[in-house]
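Here the structure is a predicted model, which means the values were calculated and not measured.
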Amino acid sequence: MRKVRRIARPDERGMTTAEYAVGTVAAASFAGLLIKLLTSSEVQQLLMKLVKAALSLAG
């Protein structure tokens, strides 16, 4: 790991603006997908069944 740090030039460390843009778009897309998935009635019913089953096991 130390060799990599020595070889990399200081201006090549970290993410560039384009990489931040791609990462931001990917994160926003993933968040949108999660929101759409978690707000669907099928997933909500599945989660409710899972919670009820877990609570029934607890007592």
Would you mind writing out the side-chain donor-acceptor pairs for residues 51-59 within the sub-3.5 Å range, not counting sequence neighbours?
| from | atom 1 | to | atom 2 | distance (Å) |
| --- | --- | --- | --- | --- |
| S56 | OG | K52 | O | 3.3 |
| S56 | OG | A53 | O | 2.8 |

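- Expressed to the nearest 0.5 Å, how far OG of S40 lies from CD of Q45 amounts to 9.0 Å.
- In terms of the side-chain contact (heavy atoms from CB on, under 4.5 Å) criterion, L46 has no residue partners (sequence neighbours excluded).
- Applying the side-chain contact (heavy atoms from CB on, under 4.5 Å) rule to V22 yields no partners; only residues at least two apart in sequence or on another chain are considered.
- Considering only residues two or more places apart in sequence or on other chains, L33 meets the side-chain contact (heavy atoms from CB on, under 4.5 Å) condition with none of them.
- By the 4.5 Å side-chain criterion applied to Ile, Leu, Val, Met, Phe, Trp and Tyr, L34 is assigned to a cluster that also includes F30.
- Other cluster members for V43: L37, L38, L47, joined by side-chain heavy-atom distances under 4.5 Å among Ile, Leu, Val, Met, Phe, Trp and Tyr.
- Across all their heavy atoms, K36 and T39 have their closest contact at O-OG1, 3.3 Å.
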